[in-house]
Undergrad: 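Sharing a structure below in C-alpha cells format, with a few things to ask.
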2 protein chains.
Amino acid sequence: MSTIDDVAKLAGLSKSTVSRVINSYPHVSEAKRQRVLAAMQQLAYVPNSAAQSLRRQRTGLIAVFVPRLMNPFFSQLLQSMELAASERDYQLIVCQTMYSQEKELKYAELLRRKQVDGIVMTSIQNEWQAIAPYVRYGPIVLCNEFDDAAEVPMIRLNQEYGGYIAGKHLLAMGHTRIACCSGGTRSQVAFHREQGLRKALQEHSLFLPDTYIFRDAYSIEDGIRVFAQIKDMKIRPTAVFSGGDEVAAGIIAGAKQHGCRVPEDLAVIGFDDQKITVLMEPNISTVRQPIGLMAQQTIALMAEKIESRQYTQREVYEYPLELIVRESTCVSVLPTKEK
Amino acid sequence: MSTIDDVAKLAGLSKSTVSRVINSYPHVSEAKRQRVLAAMQQLAYVPNSAAQSLRRQRTGLIAVFVPRLMNPFFSQLLQSMELAASERDYQLIVCQTMYSQEKELKYAELLRRKQVDGIVMTSIQNEWQAIAPYVRYGPIVLCNEFDDAAEVPMIRLNQEYGGYIAGKHLLAMGHTRIACCSGGTRSQVAFHREQGLRKALQEHSLFLPDTYIFRDAYSIEDGIRVFAQIKDMKIRPTAVFSGGDEVAAGIIAGAKQHGCRVPEDLAVIGFDDQKITVLMEPNISTVRQPIGLMAQQTIALMAEKIESRQYTQREVYEYPLELIVRESTCVSVLPTKEK
DNA sequence: CTGTTAGCGCCTTCAG
DNA sequence: CTGAAGGCGCTAACAG
C-alpha cells in the first residue's frame, strides 16, 4: 500500500503539494499537478480513509437506525436514503434495533466514538431523555418517528391527519364499529394515527373502545393474530384501520381463511401503500406516504447539519399524506348490523 | 471530547497503561486498573475509532453489496447479516449497486481505501476480471451469487438443483411447454437455475425454446410484463418457472387480470419462499432458500478471513434447497393441450 | 505557489 | 508490571 509520502517522493515534491492535489486546492501550478497525478496513477495510490478521518474529524459515515429491514417500509426508506447518501459520497451503516432499547443505545455509541458523523433515527425505542445526551457528539435527525421532547431536526408526516382521513373514509362507507391496530406503544407515529382516528369518530359521536385496540402489530403474522381475536368477539368491528399494509394483508388473509368476506363482513384499510396492496384480493385501501421524498430530504438535511455543525435545534418538516381507496373498504351494500 | 491523554493524566498514569486497560491486556495491576476505569468513567471517555482504525489498520466495517434493498430476498439477507455482524461487533455498510457496473466498481474502492475490512458480494455486475484486482486489498466473500473464475471464499446454493427440482415438479404435473424467467444475463445464479430446468426437460426429451425465455425479470412489474408477452403468444406455455417470488406474483396478478386461471391455464412456480407466496391466491409454489443460514455463515466466514488475513483461496460452501409445493402449480386436471 | 512542521488519538515495541 | 517514544497516513497552519 503506497502512502502520500511515496507519491511525494516519486513526484519529487512535498506531501503538502500532493495533499493539495488530492483535495483539489486552487493554488497548485498545473505542471506540478500533473506530476503528482502521474505519480498517483503509477502507484495506484488512494488516500487512506482512516488517516483522513482522524485528521479531518469526520468519517463520511451516517448510521441509520431502523427496527428491522424485513419490514418493507423501512427497507424502502433505507433504499432511498442509500441512493441519496451515495450521491453525496456518504456511506450508510445499517443499525437494526430489533425494537430493543439496549441495541438502540449500543448503536448510539457509534456517534460518541466518532465512528459516524451523524445518526438518522427512523424509529425510537428509548425515552428521548436517554437519547438526548448523544446530540452533543453529533447530529441526530429524526425521520418518520418523532418525539415532542426532541430538540433536533425532524422529517415527519402528519400522522394524525393520516389516521383522520382513513377514519373519515371508513365512516363514509357507513361503518360505526371501527377497530384500530398499530405498532409499538411508545411510538408517536402510532399514537398520532390513533388520535386522528379518534377525532374522526368523535365527529360522528362515536368512539374507540379499548377492546378494539390492538397493539404491537407489525407483521403479516400479527395481522393473522389480530383477526383471530376479532373473530372471537361477541360484537365484532365491521372495519379495521391498520397502521401498516403487512398487518392489513395478514388480517385479510386470516379473514379469508375463516370465510369472513372483505370488505363485506370486515373492511380493512392499511398504511404505506406497499406493493402488496395491489396484489392482494381484494386490493387494499391505504394511506400513501412519500417515502422516497422523506428519505431524500432526511439525507440532505443530515448532510447540511454535518457540514454546518449546527444541529441542536428543533426543526420540523412535514410532507403530505394521501388516501388511496381500493377494494378492501368499498362495498355498495354494507352487512346488516345487529346491535 | 476527552482523549486517552486526559484519562492518563487524571489517573496519574501513562497512556500505555490506559491503553492496556482499554484493550484488556493481562499484565496490569488491579489497583491501577481500577484507577484507570474510574478516570474513564469520570470523563465519559470512549476511544476514538478513527485513531484506532489508523493504528490497528482495521476498521471493523464490512461492506455488503446488494443490487437493491426493495427486493425482499436481499433485504432479508442483509437483515440476517446485520444481526450476525452485530454479534461480532462489526458494522455493515450498505452498498446498492442498482445493477450498475460503475456503482459496483465505485463501491469496491472502499476496500482499497481501507474504509472497510472486507466486502460481501451478494450479486456481481462486472466480469470477475474487473473485481479480482481488489482481493489484494482485503477479503471478498461471495454470498448467493458466484463466479467460476473467482478465487475467493463463497457461500452458495446449488441453483442448478433448484431449477431441476422445480422443473421436475412441473413435468410431474404434466406440463410439457414450460417457460423460464430469470434475472440478469450475467448472473450465474440465473444461468444455473436455467441449466437445471433444461436438464429436467431433457430427461423428458423436451427442451426450452428461446421464445419461452424471459430475462431481466426482477420485480412484480416485470412479472406483469412477462405475462403480457405470454398472453400474446400463438402457442403459450402452460407453466412458468420464475427465478423469484415477486416475479411469480406479478405473473399471477397479470394472469388474473386477463382472466387466465392459475394454475389451470398457467402454472407458476417461484423461488425464495417469500411471505408473499402464502398471501397470493393461489398460494405460490416455490423453492425455499436458507437465507438466514447463508447470511450467518457468510459473516462468520468473513470475520475469520479478516482475522486470519488468508483469503485468496477458492472455498465453496453449499447449502440445501427445498421444493415447496403449493396451489399455483397443482391442479388435478390439466387444461387440454392443443398442439 | 510550495515546503516544513506539528499534530489528529491511539497502540506497541522497547527499556526499565 | 509500567512508562517513554515512535509512528499509523494525512491535513493545515505557517513560513518563505
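We name chains A, B, ... by the order of the sequence lines, and we start the count at 1 in each one.
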Undergrad: Starting at atom CZ of A:R35, determine the distance to atom C1' of C:dT2, rounded to an integer number of angstrom.
TA: 11 Å
Undergrad: With sequence neighbours left out, what residues match B:K32 under side chain to side chain donor-acceptor pair (under 3.5 Å)?
TA: none
Undergrad: So A:Q159 and A:Q289, side-chain contact (heavy atoms from CB on, under 4.5 Å) or not? Walk me through it.
TA: CA-CA 10 Å; A:Q159 302 291 351; A:Q289 313 198 60; 3.8 Å; yes
Undergrad: Take atom CG of B:D6 and atom P of C:dC8, then tell me their distance rounded to the nearest Å.
TA: 11 Å
Undergrad: Applying side-chain hydrogen bond (donor to acceptor under 3.5 Å, both in side chains), which residue pairs with at least one partner in residues 58-70 of chain B are found, sequence neighbours left out?
TA: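 Sorted result for residues 58-70 of chain B: B:R58-B:Y90, B:T59-B:D117.
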Undergrad: How does protein contact run along nucleotides 8-16 of chain D, one letter per nucleotide 5' to 3', with B for base contact, S for sugar-phosphate only, - for none, heavy atoms under 4.0 Å?
TA: BBBBBB---
Undergrad: How long is the straight-line distance from CD of B:E82 back to CD of B:E87, given to the nearest 0.5 Å?
TA: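 Reported to 0.5 Å precision, the distance equals 10.0 Å.
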Undergrad: Roughly how far apart are B:R156 CZ and B:Q297 CD, rounded to 0.5 Å?
TA: 15.5 Å
Undergrad: Does a side-chain N-to-carboxylate-O contact under 4.0 Å join B:E109 and B:K106?
TA: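 Between B:K106 and B:E109 there is no salt bridge, as every charged N stays at least 4.0 Å from the carboxylate O atoms.
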Undergrad: May I have the distance from B:M40 (atom CE) to C:dC10 (atom P), rounded to whole angstrom?
TA: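 In whole Å, C:dC10 P lies 10 Å from B:M40 CE.
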Undergrad: Any side-chain N or O of B:T17 below 4.0 angstrom from OP1/OP2 of D:dG3?
TA: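 Yes, within the criterion.
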